[in-house]
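These notes concern the structure reproduced below.
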Amino acid sequence: MSAYKSDFLNILAERGFIHQVSEPDALDARAKAGAITGYIGFDCTAASLHVGSLLPIMMLYWMQQTGHRPIALMGGGTTRVGDPSGKDESRRILTDEMIEQNLKGIRAIFSKFLKFDGAGGNADKSNAIMANNADWLNKLNYIDFLRDVGKHFSVNRMLAFDSVKLRLDRQQELSFLEFNYMVLQAYDFVELNKHHGCILQMGGSDQWGNIVNGIDLGRRMINAQLFALTSPLITTSSGAKMGKTAAGAVWLDAGLVSPYDYWQYWRNTEDGDVARFLKLFTILPLDEIARLAALKGQEINEAKKVLASEATALVHGRPAAIEAGETSRKTFEEGATSLALPTVSVARKDVAAGLGVLNAFVTAGLAASNGEVRRAISNNAVAVNDVRITSDKHTIGENDISSDGVIKLSLGKKQHVLLKPS
RNA sequence: GGGAGAGUGUCCCGAGCGGCAAAGGGGGCGGACUGUAAAUCCGCUGGCUAUGCCUUCGUAGGUUCGAGUCCUACCUCUCCCA
């Protein structure tokens, strides 16, 4: 079905990762001829990456799997500037300490998808590389940089880029600081080419302009032939952006979003997205995915479970995925209480003294305030040990503790937390 | 430098004759229907030790019994003129 000759582009194309490619034939030939090096840049604006970043991570994964060398570039330097692409307002400036801290959390995630140091070290072409653009951006000299790099940029052209134009058209402020972002990103590409022979930059479709800038700069500064490959913007069938839930972003860090909640996130995928997501977010073979995608009606739930388990296994490991699946099965299909549900500890003496429902639900993190719990109760959405609560005066006592030593709190049908007195 | 306008419920957009916990959306949560889906319909969507109290409309003052609304200064952002 695909016209590509290289495994790398074929797999990306078949699995739905490709939105645009620059000079596809030339890139295909390079990837066919031997190992190439490509990179994706990641912001350090948060302490972890979320589901939205999973797509680019998977592209790096497939790159390595098809025999090429991926570079995960941490934006330690560029995050100090802030990418204006696709945003109406300036991002607030992060302190260097925050960036440094965020960088640590993000690094940890990559080790689950990429192999960094096998035998052979950096010389081994199959090893992924972790780079940080702060290493070269932070020590730039302004005047030198303007003369060496800035002279290749036309402001006329920069003004025409979507990331800039959007701001200008909407009459939103674009600071000079942000205006420089694309210059720095372009410089990253050249820098990675010089040091690692990197010829490909990948990213989301909103990065196209930034990437093309890097290609131009590479040609002008060092006469290199560089390539761009972007992925489509992933939204759900009903048009919502991915990765947002009640609790906020779906983080890839187990400390921020438990494997159980992560599993649940994928389990609740819309029907129309199942096949697409299986291709993008799992590494199952395509024929297996085709089989799952053919399931109709109620049977598609089986495909969703596979999606949830496979996606969870990639991020949190197989045992955690199995446990999350089992916990979900017990909770939803048997209506039983699984001890592996998210658990919050409380002091046993507080329970003995009688714990108010309002307090209990807020403590468990199921509600933000007492008022929220009250409203939930009046909406008939609150249950303790699967028994509906109708009064906000209800108290939980020692006799609510099950033989397993926990109290199950439920908000609605899907949100469950165990209270563990100790 | 001169002139005109804007900033609203800490998710977003947006109404708001001096009586306002503040219209309406979107989003989110809950309920019904289903399949832990979508669509649809319904409810909720400042806080509290709760028939009351406290905190919210860019910031700080002022007028008033009472201010999101009127006045003054300041901050930020737009637009027009120089």
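Below, chain A is the first sequence line, B the second, and so on; all start at residue 1. Because only heavy atoms are used, hydrogens play no part in the values below, and waters and symmetry mates are left out as well, while side chains stay in.
- Both A:L411 and A:R267 sit near RNA chain B, but only A:L411 has its closest nucleotide nearer the 5' end.
- Comment: A:R147 does not engage A:D144 in a salt bridge, judged by the lack of any side-chain N to carboxylate O separation of less than 4.0 angstrom.
- Of the N and O atoms on the side chains of A:S6 and A:N10, not one donor lies less than 3.5 Å from an acceptor on the other residue.
- Residues A:E23 and A:L226 approach most closely at OE2-O, 4.3 Å, considering heavy atoms.
- Listed pair A:K414 / B:A37 meets the phosphate criterion, a side-chain N or O lying under 4.0 Å from OP1 or OP2.
- Rounded to a whole Å, the CD atom of A:Q298 is 16 Å from the P atom of B:C33.
- Note on A:K279 versus A:E14: no salt bridge recorded, every NZ/NE/NH1/NH2 to OD/OE distance being 4.0 Å or above.
- Heavy-atom distances to RNA chain B give each of A:A381 and A:W263 a nearest nucleotide, and the one nearer the 5′ end belongs to A:A381.
- Comparing B:C29, B:G43, B:A38 against the side chain of A:N379 picks out B:G43 as the nearest.
- Across all strands shown, B:A32 is found opposite B:U40 as a Watson-Crick or G-U wobble partner, with both distances under 3.5 Å.
- Remark: C1' of B:A37 and CG of A:L292 are 16 Å apart, rounded to the nearest angstrom.
- Separating the P atom of B:C44 from that of B:U34 is a span of 24 Å, rounded to the nearest Å.
- With B:C44, B:U36, B:U34 as the candidates, the nucleotide lying closest to the side chain of A:K413 is B:U34.
- Residue-level contact check: A:S328 touches the bases, meaning some heavy atom is under 4.0 Å from a base atom.
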| Base, backbone or nothing for each nucleotide of nucleotides 45-56 of chain B, written B, S, -, heavy atoms under 4.0 angstrom, 5' to 3'? | S-SSSB------
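- The residue A:Q264 sits close to a base: some heavy atom pair falls under 4.0 Å.
- Comparing the C1' positions of B:G68 and B:U49 gives a spacing of 30 Å, expressed to the nearest Å.
- Between A:R318 and A:E310 there is a salt bridge, since at least one side-chain N of the basic residue sits less than 4.0 Å from a carboxylate O of the acidic one.
- Rounded to the nearest Å, the gap between the C1' atom of B:C57 and that of B:G30 is 29 Å.
- For A:N268 and B:A38, the CG to P distance is 7 Å, given to the nearest whole Å.
- Taking the six-membered ring where the residue is Trp, the centroids of A:F145 and A:Y187 are separated by under 6.0 Å.
- For B:C13, the base adopts the anti conformation, since its glycosidic angle falls more than 90 degrees from zero.
- The aromatic ring centroids of A:W266 and A:F281 lie less than 6.0 Å from each other.
- Shown here is A:K305, whose NZ atom has more than 12 heavy atoms of other residues, nucleotides or ligands within 6.0 Å.
- Taking atom C1' on both nucleotides, B:G52 is separated from B:A4 by 47 Å, rounded to a whole Å.
- Taking atom OH of residue A:Y265 and atom P of nucleotide B:G28, one finds them 12 Å apart after rounding to whole Å.
- Salt bridge status for A:D7 with A:K32: absent, with no side-chain N to carboxylate O gap under 4.0 Å.
- Between B:U76 and B:C70, the distance separating the two C1' atoms is 23 Å to the nearest Å.
- Within the structure, a side-chain polar atom (N or O) of A:Q415 is placed less than 4.0 Å from OP1 or OP2 of B:G30.
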| request: Determine, step by step, whether A:V351 and A:I401 satisfy the side-chain contact (heavy atoms from CB on, under 4.5 Å) criterion, reporting the C-alpha distance in whole Å, the side-chain angles of both residues, the deciding distance to 0.1 Å, and the verdict. | output: CA-CA 9 Å; A:V351 178; A:I401 301 172; 4.1 Å; yes
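- Annotation: B:G58 and B:A6 have their P atoms spaced 12 Å apart (nearest Å).
- Separating the C1' atom of B:C65 from that of B:C42 is a span of 42 Å, rounded to the nearest Å.
- Rounded to whole Å, the C1' atom of B:A67 lies 13 Å from the corresponding atom of B:G16.
- Residues from residues 333-343 of chain A with heavy atoms under 4.0 angstrom of RNA chain B: there are none.
- Considering only heavy atoms from C-beta on, A:Y39 stays 4.5 Å or farther from A:P70 through its side chain.
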